[in-house]
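In what follows, a structure is listed as structure tokens, so that the remarks can point back to it.
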Protein chains: 2
Amino acid sequence: MTPRRRDAAATRQALLEAARTRFTQVGYESTTLRDVAADVGVNLALIKRYFGSKEGLFKAALAASPRFLADLPPDRAALVGELTRQLAADSWPEFGEHPVLMLLRASGDPTVTAGRREAIEAAAARILAAAGPADSVPDALLRAELLVALGVGVAVLRSAVGAQPLTDAGPDALATPLRAVVDALLPDPHRP
Amino acid sequence: MTPRRRDAAATRQALLEAARTRFTQVGYESTTLRDVAADVGVNLALIKRYFGSKEGLFKAALAASPRFLADLPPDRAALVGELTRQLAADSWPEFGEHPVLMLLRASGDPTVTAGRREAIEAAAARILAAAGPADSVPDALLRAELLVALGVGVAVLRSAVGAQPLTDAGPDALATPLRAVVDALLPDPHRP
DNA sequence: CGGGCAAGTCATCATTTGTTGACTTGAGTT
DNA sequence: AACTCAAGTCAACAAATGATGACTTGCCCG
């Protein structure tokens, strides 16, 4: 290996990834900057240099994470497939943990909590847009948000709680019941 | 008011309630024993006296909380009603917060995390038992656990995230979509 | 009434942890 | 080879916090 020393960009990136893992796994409060620095093999003062503070590190790590329930296909048939893929924890190859968990384990910083609410509400809006015309059912947005709630709950039960049999269920086992839920919550406007 | 001084039972109870509120709202790490003691108007050393340690206080507060998705009626029709009631955050009159949140915001103590997993799995088993024969569908337990996941997600989105319109949705608005989900996940064996 | 004991307080300690300014080192440039 | 500046290290501080043992006070029982 060629341990590229004195590479600011690489160090910064490594810090981001270590921070994301810690924050996601043990939460904001239990993550210590010394641990993050040690993971990378770097001095803790570098975190201040690059991110200013612990809160800054958290926000940077959050911004570098994939969005929850983004990139949903506008095709209803493919929607269930993509939902299933994003709910399975091992479907984030480049990430060891489910990205939505970091949102939930955040600090109490007002900026973060507000952004979290917006991210959740935006996910519901994306689901609604992908599933069909919004006016098909009066409470369509509420129903879409219930679907987001299901996604959040699945992520929590799989990645944080480890509940069985849900944790070990593969995409195949999840797809069928998920399709039933999607059909129940978001009636297909083309199929009255 | 008659501030009953020197009443060990009352003081202990007050400490438990204050702790539950703090743990639920801001999580284990961010809850300080000084804050809990101050809420009750008592010295922090009493917490050690009654509960031994912070971890002991947490476990005692957890044990004093109502179980999530307990007391489900064995009647399928009433199941949705009870689910709806337990998902609405204001349906716990004696508690300001949803009890499932304290489970999620727990410390990393192995005893607690193991108990949490068991509590979730037991909730799924209770739903399954209330909804009908377990053998009606092969993956019935997985489906019941998805219902628990929905409950966890709804609790998180309502009480911790504050996502709209879900947070302001009342029992009436929730019952209809919830019934659709229950029917989709747990097919009624009496109605093939 | 007064002795005993539990209820409650006080002051303090040790540790953890975020923050910070001064210092050192290495790589590229001239 | 000397210079420069950013990358990185070091040591230390201050605040927060859980834990703890000694001390005080009020209630109850004889």
Side-chain angles (χ1 to χ4, degrees), chain A residues 1-23 25-62 102 105-112, chain B residues 1-23 25-62 102 105-112:
Chain A
M1 296 204 293
T2 56
R4 275 230 241 169
R5 286 161 63 183
R6 252 166 156 92
D7 184 334
T11 301
R12 198 189 134 97
Q13 192 62 28
L15 281 173
L16 272 184
E17 292 179 11
R20 176 178 43 70
T21 300
R22 292 263 177 193
F23 282 138
Q25 286 182 348
V26 304
Y28 181 84
E29 315 290 344
S30 296
T31 296
T32 75
L33 297 185
R34 280 171 176 79
D35 284 344
V36 173
D39 288 344
V40 179
V42 119
N43 190 278
L44 129 159
L46 268 194
I47 293 178
K48 173 202 158 99
R49 186 184 197 72
Y50 289 146
F51 305 102
S53 67
K54 186 182 186 180
E55 198 62 46
L57 175 64
F58 179 83
K59 290 180 183 174
L62 192 61
M102 185 162 47
R105 300 200 146 163
S107 67
D109 183 276
T111 304
V112 174
Chain B
M1 295 201 296
T2 57
R4 275 231 242 170
R5 287 162 64 183
R6 237 138 169 115
D7 183 334
T11 301
R12 198 189 135 97
Q13 193 60 28
L15 281 173
L16 273 184
E17 292 179 12
R20 175 178 41 72
T21 300
R22 291 263 177 192
F23 282 138
Q25 284 182 348
V26 303
Y28 181 83
E29 315 290 343
S30 297
T31 294
T32 75
L33 297 186
R34 280 171 176 79
D35 283 343
V36 174
D39 287 345
V40 180
V42 120
N43 191 277
L44 132 162
L46 267 196
I47 294 179
K48 174 201 159 98
R49 185 185 197 73
Y50 289 145
F51 305 101
S53 67
K54 185 182 186 181
E55 199 60 46
L57 175 64
F58 180 84
K59 290 179 182 173
L62 192 60
M102 184 161 50
R105 299 202 147 162
S107 68
D109 183 277
T111 304
V112 174

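So that the names make sense, note that chain A is the first sequence line, chain B the second, and so on, each numbered from 1. Fair warning: this is a prediction, and the values are worked out from it, not measured in the lab.
One finds no side-chain N or O of A:T11 lying less than 4.0 angstrom from the OP1 or OP2 phosphate oxygen of D:dA7.
In summary, of the residues considered (B:V36, B:L57, B:L33, B:T32), a side-chain contact (heavy atoms from CB on, under 4.5 Å) with B:R22 occurs for B:V36 alone. Here the rule is side-chain hydrogen bond (donor to acceptor under 3.5 Å, both in side chains) with A:Y28, and of A:K54, A:R105, A:E55 only A:E55 fits it.
Among the protein residues, A:T31 comes within range of the sugar-phosphate backbone only, with heavy atoms under 4.0 Å from sugar or phosphate atoms but none that close to a base. Heavy atoms of B:L44 sit under 4.0 angstrom from at least one base atom.
Between A:I47 atom CD1 and D:dG8 atom P there is a gap of 13 Å when expressed in whole angstrom units. For the pair A:K54 NZ and C:dG18 P, the computed distance is 4 Å after rounding to whole Å. For the pair B:F23 CZ and D:dG18 C1', the computed distance is 12 Å after rounding to whole Å. The distance between atom CG of B:N43 and atom C1' of D:dC23, rounded to the nearest whole Å, is 12 Å. Here C:dA7 presents its P atom at 9 Å from CZ of B:R6, a figure rounded to the nearest Å. The distance from atom CD of A:E55 to atom C1' of C:dT17 is 15 Å, rounded to the nearest whole Å. Residue A:F51 contributes atom CZ, which lies 13 Å from atom P of D:dA7 at whole-angstrom precision. Regarding A:L46, its CG atom lies at a distance of 16 Å from the P atom of C:dG18, rounded to whole Å.
If A:K48 and A:D35 are placed on DNA chain C by their nearest nucleotide, the residue sitting closer to the 5' end is A:D35. With the nearest nucleotide of DNA chain C identified for both A:Y28 and A:A45, A:Y28 has the one nearer the 5' end.
With hydrogens and angles left out, the side chain of B:R34 and the base of D:dA16 share no donor-acceptor pair within 3.5 Å.
In this model, no donor atom of one side chain and acceptor atom of the other lie less than 3.5 Å apart for A:S107 and A:D109.
Listed here is the closest heavy atom pair of B:R12 and B:Y50: NH1-O, 3.5 Å.
Here A:L16 contributes atom CG and A:F51 contributes atom CZ; the two are 4.0 Å apart, rounded to the nearest 0.5 Å.
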